[in-house]
Structures are given as structure tokens and as C-alpha cells.
**Student:** 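Sharing a structure, written as C-alpha cells. Questions coming.
Numbering of ligands and ligand atoms starts at 1, following listing order.
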Amino acid sequence: MTRIRLEESIDWPAIYAIYDAAFAQTAEADLVRNMDRDGDLILSLVAYDGKPAGHIAYSHLALHETPSVKACVLAPLAVSPSFQHQGVGTALVRESLQRLTDDGFDLVVVLGEPSYYGRFGFDPKLAQNLKTPYDGPYLQALALSDDGRRAHGPVAYARAFAELT
Ligand SMILES: CC(C)(COP(=O)(O)OP(=O)(O)OC[C@H]1O[C@@H](n2cnc3c(N)ncnc32)[C@H](O)[C@@H]1OP(=O)(O)O)[C@@H](O)C(=O)NCCC(=O)NCCS
């Protein structure tokens, strides 16, 4: 059975192993570590199924024209290949969105496959109101409150995104 909990420092080797296995690189794990270094990480969850199976992270997103809207970025997300297609990714996304809603977040932005994120309500049309470095068909947004739907204009991602190679 999959168990999801907040990341702890003891999880770092497992997190690197998950991204290495899922993406054949560790740039995504470095992104999480750098967001943590900068104090920009707002949620980091690990899924366990006997052993570490998946990870998801969220970081701060600044909205210049609607600063009262509490927004964040979903990135990265990965499930180890031996655990994929068993609902681990879905469980990580659903649990994290519930926690963010409980914490008063209004908006989540993600860059990814609309066919995957659409099932959680992420919508490319809502993201078109924003001006980001990642504008295009893969940028999607999910409003967690009515305030989230009025977000618009330029945004600033966490600094660690600019260091991604
Ligand atoms: C994408 C990922 C996080 C999904 O996690 P998961 O635990 O396998 O997902 P779930 O079991 O909850 O859902 C599986 C469904 O998601 C869909 N799906 C999986 N990967 C997908 C992808 N890359 N694009 C679109 N849909 C995808 C499929 O419809 C799949 O259904 P199926 O099992 O009937 O084929 C995982 O496959 C992964 O880590 N992949 C490699 C890294 C990656 O692409 N991360 C996404 C960053 S945007």
C-alpha cells in the first residue's frame, strides 16, 4: 500500500534515485535541493510502497499584478519506473493538492503533459492569463479558490528554475 508523507532529510538519497531512474538524470533532484537551499520549497512529499516510490515538490510563484493570490509551481514529479502505472503519481498529486488547499493556496501552475494533468483539473486556458518563461500548450493552471481564477500578468518562478540546464 502506498504511504505518502512529508520529505525528511533522510530521504535525499532516495529522491535522487527516483529522479535518476525516472528521467535518467538528476537535474530535477538538483532543482528540489536548490529550491530548498533558497527557502523556496513549500511542499515536498515522498511516496513509499515498501521502498521509496515517488516524489513531488512545489515552490513559490510570485504574481506581480495580483500579489494577494497565493500561488505555487508543481515541479518536479516522478515515480520510479517499477512503480509507474499503479496510481502512485495520482496519489501524490491528489494528496499534495489537498494539503495546498488546506494551507490556503489559490493557484497551482504546472508545465507538463495536458493529458496527464488534465485529470486533476489543470487547464492550459487558465494559464494563458499569466506571462511566464514557459508559456505554451504545456503550461497549465489549476485554481484552488475563486481568487485563483483572477490571477493574471507576469510571474516570477523560484530562482532555482533559472539554474536548470
Ligand atoms: C508521469 C508519472 C509521474 C505518472 O506517475 P504514475 O504513478 O505512473 O501515474 P498513475 O499510475 O497515477 O497514472 C498512470 C496514468 O497516467 C498516464 N500517464 C503516465 N505517464 C504519462 C505521460 N508521460 N504523459 C501522459 N500521460 C501519462 C497514463 O494514462 C497512465 O494510465 P495507464 O496506467 O492506464 O497507462 C510517472 O510516469 C513518471 O514519473 N514518469 C517519468 C517522469 C515524468 O514524465 N514526469 C512528469 C513530469 S511533467
**Student:** Among protein heavy atoms, which sits nearest to atom 46 (C) of ligand 1, and what does the distance come to when rounded to 0.1 Å?
**Tutor:**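 Sorting protein heavy atoms by distance from atom 46 (C) of ligand 1 puts Leu77 O, 3.8 Å first.
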**Student:** Side chains of His152 and Thr66: do they bring a donor and an acceptor to under 3.5 Å?
**Tutor:**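 Note: His152 and Thr66 side chains miss the donor-acceptor criterion.
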**Student:** Heavy-atom distance from atom 32 (P) of ligand 1 to the protein below 4.0 Å?
**Tutor:**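 When distances to the protein are checked, atom 32 (P) of ligand 1 has a heavy atom within 4.0 Å.
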**Student:** Considering only protein heavy atoms, which is closest to atom 18 (N) of ligand 1, and at what distance to one decimal place?
**Tutor:**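 Checked against all protein heavy atoms, atom 18 (N) of ligand 1 sits closest to Tyr116 CD1, 3.6 Å.
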**Student:** Using distance alone, determine whether Val79 and ligand 1 share an N or O pair under 3.5 Å.
**Tutor:**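 For ligand 1, there is an N or O atom that lies under 3.5 Å from one belonging to Val79.
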**Student:** One residue to check: Glu113. Relative to ligand 1, which of side chain, backbone, both or neither has a non-hydrogen atom less than 4.0 Å away?
**Tutor:**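 Side chain only.
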**Student:** Within a distance under 4.0 Å of any heavy atom of Gln86, pick out the atoms of ligand 1 and give their elements.
**Tutor:**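 By the 4.0 Å cutoff, the relevant atoms are 11 (O).
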**Student:** Parallel, tilted or perpendicular: which one describes the rings of Phe122 and Tyr117, with boundaries at 30° and 60°?
**Tutor:**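 Perpendicular, since the angle between the ring planes exceeds 60°.
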**Student:** Classify the angle between the aromatic ring planes of Tyr116 and Phe120 as parallel (below 30°), tilted (30 to 60°) or perpendicular (above 60°).
**Tutor:**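 Judged by the thresholds at 30° and 60°, the geometry between Tyr116 and Phe120 is perpendicular.
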**Student:** With heavy atoms under 4.0 Å as the rule, classify the contact between Tyr117 and ligand 1 as side chain, backbone, both or neither.
**Tutor:**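 Side chain only.
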**Student:** Establish whether atom 38 (C) of ligand 1 and some protein heavy atom are separated by less than 4.0 angstrom.
**Tutor:**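 Protein heavy atom within 4.0 Å of atom 38 (C) of ligand 1: present.
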**Student:** Check ligand 1 against Thr90 and write out every atom of the ligand that is under 4.0 Å from a heavy-atom position of the residue.
**Tutor:**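 Here the atoms of ligand 1 in question are 10 (P), 12 (O), 13 (O).
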**Student:** Among Val32, Val73, Ile42, exactly one meets side-chain contact (heavy atoms from CB on, under 4.5 Å) together with Ser59. Which residue is that?
**Tutor:**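 Running side-chain contact (heavy atoms from CB on, under 4.5 Å) over Val32, Val73, Ile42 with Ser59 returns exactly one hit, Val73.
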**Student:** Counting from 1, what ligand 1 atoms have a heavy atom of Ala78 closer than 4.0 Å?
**Tutor:**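 In order of number, 39 (O).
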**Student:** Quick test: of every protein heavy atom, which one is nearest to atom 35 (O) of ligand 1, and how far off is it to 0.1 Å?
**Tutor:**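 Minimum-distance protein heavy atom for atom 35 (O) of ligand 1 reads His85 ND1, 3.3 Å.
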**Student:** Centre-to-centre under 6.0 Å for Tyr134 and Tyr157, is that the case here?
**Tutor:**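 For Tyr134 and Tyr157, the ring centres are under 6.0 Å apart.
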**Student:** Considering only the protein, which heavy-atom contact is closest to atom 28 (C) of ligand 1, and what is its distance?
**Tutor:**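 For atom 28 (C) of ligand 1, the nearest protein heavy atom is Arg119 NH2, 4.0 Å.
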**Student:** Quick one: do the Asp11 and Tyr16 side chains pair a donor with an acceptor below 3.5 Å?
**Tutor:**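 Side-chain D/A pair, Asp11 to Tyr16: absent.
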**Student:** Identify whether the distance between the nearest side-chain nitrogen and carboxylate oxygen of Arg33 and Asp30 falls below 4.0 Å.
**Tutor:**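 A salt bridge links Arg33 with Asp30.
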**Student:** For atom 40 (N) of ligand 1, what is the nearest protein heavy atom, given as residue, atom name and distance?
**Tutor:**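 Result for atom 40 (N) of ligand 1: Gln84 NE2, 3.5 Å.
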**Student:** Do Arg149 and Asp146 sit within salt-bridge range, that is, some charged N less than 4.0 Å from a carboxylate O?
**Tutor:**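 Looking at Arg149 and Asp146, the cut-off is met.
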**Student:** Quick one: look up the protein heavy atom nearest atom 11 (O) of ligand 1 and list residue, atom name and how far away it is.
**Tutor:**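 Closest protein heavy atom to atom 11 (O) of ligand 1: Gly87 N, 2.7 Å.
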**Student:** Does some non-hydrogen atom of the protein lie less than 4.0 angstrom from atom 2 (C) of ligand 1?
**Tutor:**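 Answer no: nothing from the protein, no heavy atom, is under 4.0 Å.
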**Student:** Tell me whether Asp106 is salt-bridged to Lys70, with the criterion being a basic N under 4.0 Å from an acidic carboxylate O.
**Tutor:**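 Not counted as a salt bridge, because no side-chain N and carboxylate O are separated by less than 4.0 Å.
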**Student:** Determine whether Leu144 and Leu61 fall in the same hydrophobic cluster, where Ile, Leu, Val, Met, Phe, Trp and Tyr are linked whenever their side-chain heavy atoms lie under 4.5 Å apart.
**Tutor:**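 They do not share one cluster, since no chain of ILVMFWY contacts under 4.5 Å joins Leu144 to Leu61.
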**Student:** Which atoms of ligand 1 have any heavy atom of Ser115 under 4.0 Å away?
**Tutor:**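 Per the distance check, 25 (C), 26 (N).
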**Student:** Identify, for atom 43 (C) of ligand 1, the protein heavy atom at the shortest distance, and state residue, atom and that distance.
**Tutor:**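 Scanning the protein heavy atoms, the shortest distance from atom 43 (C) of ligand 1 goes to Phe23 CZ, 3.5 Å.
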**Student:** Just by distance, no angles: are the side chains of Arg150 and Ser68 close enough, under 3.5 Å, to form a donor-acceptor pair?
**Tutor:**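 Checked: Arg150/Ser68 side chains pair up, N/O donor to acceptor below 3.5 Å.
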**Student:** Which heavy atom of the protein is the closest neighbour of atom 7 (O) of ligand 1, given with residue, atom name and distance?
**Tutor:**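 Its nearest protein heavy-atom neighbour is Gly89 N, 2.7 Å.
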